[in-house]
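As a basis for the values below, the full set of heavy atoms in this structure was taken, side chains included, without hydrogen atoms, waters or symmetry mates. Please read all numbers here as calculations on a predicted model, not as lab measurements. Quick note on labels: first sequence line is chain A, next is B, and so on, each numbered from 1.
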Amino acid sequence: MSTNTELAKIFTAMATILEIKGESGFKVNATVKVARVLENLVEDIATVDKITDITGVGKSSATKIQEFIDTGSISSYEELRASIPQGLLEVMRVQGLGPKKVRQLWQEADVVDIASLRNAIDTGKLDNLPRMGKKTIENISESLNFIETTGNRTRIGIALPIAESIRGTLEQVSGVTNISIAGSIRRGKETIGDIDILASTFEPELLAKSFCELEDVATVFSHGETKCSVRLSSGMQVDLRVVDDNKFGSALLYFTGSKEHCVLLREIAISQDKKLNEYGLEPRNISETEEAIYADLGLPYLPPEIREDRGEGECKNTPTLVTTEDIQCDLHCHTLASDGKMTIKELAQEALRRGYHTIAVTDHSQSQPQANGLKPDRMLEHIESIRAVNESMKDITILAGSEVDILPDGSLDYDDDLLAMLDIVVASPHATLTQSTKESTKRLLLAIEHPLVHIIGHPTGRIINKRKGLEPDMPTLISAAKEHKTALEINANSYRLDLRDIHVRATVEAGGMLAINTDAHRAEDFDQLQYGILTGRRGWLTPKNCINCLEHDALQTWLVRNC
DNA sequence: GCCGTTTTCGGCCCGACTGTTTTCAGTCG
């Protein structure tokens with residue numbers, strides 16, 4: 001785990017412990033903020049000259065961070081950790097339990113972890129506690145069942161289709177005038193905590209009823225006039241908010257978040273003697289559209305994907321972020337030759353159907369036997385087959401390429417003579433993904449510097465919620481990629497989304513090039529593009545930094561630039 | 001704990017819903 005990630009976890013834990021101990025909410029918030037800043041930091045915190053120069057990190061936190069860098073631990077954190085049972089941090093994750101109730105459970109019912117909480121419920125130990133009625137205990141018990149069976153946040157590739165389906169169903173309900181997905185799905189985050197739907201309607205009761213009676217609903221948490229919460233049988237929580245039609249913009253802004261972005265906007269409002277909430281921006285009572293609210297605050301329209309309080313408040317103009325319509329080619333796809341399900345021709349026809357001018361066939365190299373990776377002699381035959389199909393199809397260019405393994409020592413899985421015969425080389429790490437930062441940086445650096453490599457495919461090899469992947473020194477890689485004109489891939493597969501958003505942002509700021517590829521194995525995999533686009537947009541990616549947005553001839557020029 | 005174009009002290013975003021109360025605390029987003 002990188003130092004930044006480790007420290008972010010420590011500060012998050014510190015904040016939770018402080019909460020349980022009843023410390024000031026402001027102190028808790030400040031600590032949470034330090035954790036967030038560390039999570040979003042691209043460079044290794046150990047390499048930062050003056051830690052207090054980072055906004056949100058003051059003297060006290062900087063001292064703790066420095067202590068961790070020097071010694072590998074933080075004494076005040078260790079003391080804090082020892083002051084409460086460790087299992088209480090887990091208990092805080094139970095829906096409906098906040099710091100006050102957790103403290104009460106601990107001090108008055110000896111609850112120290114999930115198991116003892118379950119036991120306390122089963123033995124009736126909670127029955128006589130103040131403000132702990134039958135319903136509250138029932139709710140805790142139900143949440144406990146849920147946390148015991150699941151846990152992770154949901155990948156956007158799962159959550160977005162569900163959200164779209166719910167939105168589509170509710171849109172048909174009589175009286176609905178406006179309906180939108182909000183929350184972290186609208187912002188395109190790689191994982192989603194719950195689904196937020198915002199609607200306005202002439203018949204709020206009917207909409208709420210329709211929502212709570214959706215086929216997949218397993219539990220109804222709350223069923224109010226303006227807010228309903230349910231859990232689906234899949235475990236996902238869905239919140240529906242109902243607002244007046246003329247307040248839709250301010251409500252959409254509010255419920256899209258992020259929380260940090262909304263705080264930023266309210267602070268900007270306050271500095272202008274205005275007041276912003278989900279009902280609008282006072283004193284001029286602006287609420288109909290998001291655009292009007294941003295305009296009254298003196299800001300350009302900020303797309304949902306960049307609403308993370310990562311500097312968007314400084315924007316003078318709306319950034320021109322990449323869209324799916326800008327994408328003109330896919331440069332990382334598989335066929336039957338390795339582990340894909342399409343022939344070369346089927347792949348090209350699908351690309352044509354999507355309006356692409358170019359498609360790259362990049363099957364696996366020899367070190368991927370489980371994926372039917374091609375030995376050099378098969379690769380040579382495959383190149384011939386690709387050229388033949390390319391000749392036979394008029395309206396699309398089919399590139400003969402390979403997804404070549406970057407071996408653990410940084411060498412490539414084919415020799416240079418073979419690589420030189422290819423139109424495009426995507427070099428990707430697949431195995432030995434537990435290397436140290438030093439080893440993985442060296443490994444990827446060699447591939448970036450290789451003159452025959454065009455793109456580094458899924459640079460870290462992470463699988464969301466499953467595999468951490470490599471943790472190379474990204475600023476070093478980004479700077480080398482710019483220098484050697486090697487593009488870094490955003491693998492659009494929703495399991496991967498690798499590079500992740502903050503590294504895309506760092507690449508864009510460094511002036512480097514990115515690719516957004518679907519890594520398609522079947523025709524429907526092209527639909528994953530939307531997740532890569534969302535990740536790109538979260539990284540402030542513009543079409544001019546994305547090679548998939550190049551016109552046909554410009555792409556050809558880019559491909560031969562180093563050869 | 002963090003921050004500063006009135007500030008190095010005194011603020012720090014805000015409203016809905018639930019369950020338990022009988023006027024509101026706690027949680028959530």
Side-chain angles (χ1 to χ4, degrees), chain A residues 11 14-15 17-20 22-37 51-65 76-77 80 91-105 126 128-140 142-143 182-187 192-198 204 208 220-230 237-243 247 250-282 309:
Chain A
F11 275 86
M14 279 199 283
I17 299 170
L18 291 171
E19 263 192 303
I20 295 172
E23 282 280 355
S24 136
F26 301 115
K27 188 169 167 178
V28 172
N29 283 344
T31 310
V32 169
K33 186 163 185 189
V34 173
R36 198 169 61 83
V37 164
I51 297 173
T52 47
D53 280 353
I54 304 172
T55 310
V57 184
K59 217 168 141 188
S60 165
S61 297
T63 308
K64 293 189 179 79
I65 292 169
S76 56
Y77 167 59
L80 206 53
V91 177
M92 278 286 283
R93 291 183 50 218
V94 176
Q95 163 110 16
L97 289 183
K100 303 272 169 53
K101 279 221 166 64
V102 169
R103 188 162 74 244
Q104 182 192 19
L105 289 168
L126 307 186
N128 296 316
L129 294 184
R131 294 196 73 86
M132 190 71 76
K134 195 165 160 245
K135 187 76 186 150
T136 302
I137 296 174
E138 260 176 44
N139 286 343
I140 295 173
E142 209 270 329
S143 302
S184 52
I185 301 189
R186 184 161 179 249
R187 300 201 313 280
I192 306 299
D194 54 26
I195 294 173
D196 292 300
I197 308 274
L198 179 71
V220 177
F221 290 127
S222 63
H223 186 151
E225 275 183 24
T226 64
K227 181 188 166 187
C228 298
S229 287
V230 301
Q237 184 176 327
V238 190
D239 293 341
L240 172 72
R241 312 280 185 150
V242 181
V243 298
K247 306 280 185 200
S250 48
L252 186 58
L253 185 61
Y254 181 82
F255 291 118
T256 295
S258 67
K259 188 178 164 189
E260 290 80 11
H261 179 78
C262 289
V263 169
L264 173 73
L265 293 187
R266 284 192 216 110
E267 284 170 356
I268 292 173
I270 289 168
S271 73
Q272 300 173 1
D273 290 326
K274 296 170 184 167
K275 190 183 152 193
L276 177 66
N277 60 25
E278 63 260 54
Y279 301 111
L281 178 60
E282 303 292 352
D309 190 16

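Look at the C1' atom in both B:dC12 and B:dG19: the space between them is 29 Å, to the nearest Å. For the C1' atom pair drawn from B:dG15 and B:dT22, the interatomic distance equals 22 Å after rounding to whole Å. Rounded to the nearest Å, the gap between the C1' atom of B:dT21 and that of B:dC17 is 15 Å. With both ends at atom P, the span from B:dC2 to B:dT6 equals 24 Å, rounded to whole Å. Taking atom P on both nucleotides, B:dT20 is separated from B:dA25 by 16 Å, rounded to a whole Å. Rounded to whole Å, the C1' atom of B:dG11 lies 26 Å from the corresponding atom of B:dA16.
Minimum heavy-atom separation, A:Ser143 to A:Gln95: OG-O, 3.1 Å. Across A:Thr55 and A:Val37, no two heavy atoms sit closer than the pair O-CG2, 3.7 Å.
Using a 4.0 Å heavy-atom cutoff across all strands shown, A:Lys134 reaches sugar-phosphate atoms only and no base atom. Using a 4.0 Å heavy-atom criterion, one finds that A:Pro99 contacts the sugar-phosphate atoms exclusively. Using a 4.0 Å heavy-atom criterion, one finds that A:Asn29 contacts no nucleic acid atom at all. The residue A:Leu97 sits close only to the backbone: its heavy atoms come under 4.0 Å of sugar-phosphate atoms, none of a base. Within the nucleic acid shown, A:His261 has no heavy atom closer than 4.0 Å to any nucleic acid atom.
Rounded to an integer number of Å, the gap from A:Gln104 CD to B:dT20 P is 12 Å. If you measure from atom CZ of A:Arg131 to atom C1' of B:dA25, you get 5 Å, rounded to the nearest angstrom. For A:Glu142 and B:dT18, the CD to C1' distance is 15 Å, given to the nearest whole Å. Taking atom CZ of A:Arg93 as the reference point, atom P of B:dC28 lies 13 Å away to the nearest angstrom. If you take NE2 of A:His223 and C1' of B:dA16, they are 15 Å apart, rounded to a whole angstrom. Atom CZ of A:Arg241 is separated from atom P of B:dG29 by 8 Å (rounded to the nearest Å). Summarising the geometry, the separation between CD on A:Glu260 and C1' on B:dC12 is reported as 15 Å, rounded to the nearest angstrom. To the nearest angstrom, P of B:dG19 lies 11 Å from CZ of A:Phe221.
Sorted by residue number, the members of residues 267-279 of chain A with any non-hydrogen atom under 4.0 Å from DNA chain B read A:Glu267, A:Lys275, A:Asn277, A:Glu278, A:Tyr279.
Side-chain contact between A:Val34 and A:Met14: absent, with no pair of heavy atoms (C-beta onward) separated by less than 4.5 Å. Put simply, the side chain of A:Arg241 does not reach to within 4.5 Å of the side chain of A:Glu278, judged on heavy atoms. A:Gln237 has its side chain within reach of A:Phe221: a pair of non-hydrogen atoms, C-beta onward, lies under 4.5 Å apart.
Side-chain atoms of A:Thr63 and A:Lys59 include no donor-acceptor pair closer than 3.5 Å.
Toward the 5′ end of DNA chain B lies the nearest nucleotide of A:Lys227, the other residue of the pair A:Lys227 and A:Asp196 mapping further downstream. The 5' end of DNA chain B is approached more closely, in terms of each residue's nearest nucleotide, by A:Gly224 than by the other of A:Gly224 and A:Lys100.
Contact annotation: A:Thr226 reaches the phosphate of B:dC17 (side-chain N/O to OP1 or OP2, under 4.0 Å). Between B:dG26 and A:Lys101, no contact under 4.0 Å exists linking OP1 or OP2 to a side-chain N or O.
Screening A:Leu252, A:Val238, A:Asp239, A:Leu240 against A:Asp196 for a side chain to side chain contact (heavy atoms under 4.5 Å, CB included) leaves a single residue, A:Asp239.
Annotation: the span from A:Leu97 atom CG to A:Arg103 atom CZ amounts to 13.5 Å, rounded to 0.5 Å. Between atom CZ of residue A:Phe11 and atom CG of residue A:Leu18 there is a gap of 10.5 Å, rounded to the nearest 0.5 Å. Summarising the geometry, atom CG belonging to A:Asp309 is positioned 5.0 Å from atom CG belonging to A:Leu264; distances are rounded to the nearest 0.5 Å.
In this structure, B:dT21 shows a glycosidic angle more than 90 degrees from zero, which is the anti conformation.
For A:Tyr254 against B:dG15, no side-chain N or O and base N or O form a donor-acceptor pair under 3.5 Å.
Taking every side-chain heavy atom of A:Lys135 into account, B:dT20 is the closest of B:dG29, B:dC17, B:dT20.
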Distances under 3.5 Å between nitrogen or oxygen atoms of protein and nucleotides 1-8 of chain B:
unit_1, atom_1, unit_2, atom_2, d
B:dG1, OP1, A:Ser60, OG, 3.4
B:dC2, OP1, A:Gly58, N, 2.6
B:dC2, OP1, A:Ser61, N, 3.4
B:dC2, OP1, A:Ser61, OG, 2.8
B:dC2, OP2, A:Ser60, N, 3.3
B:dC3, OP1, A:Gly56, N, 2.6

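With a 3.5 Å ceiling on both atom-pair distances, the Watson-Crick or G-U wobble partner of B:dT18 is B:dA25.
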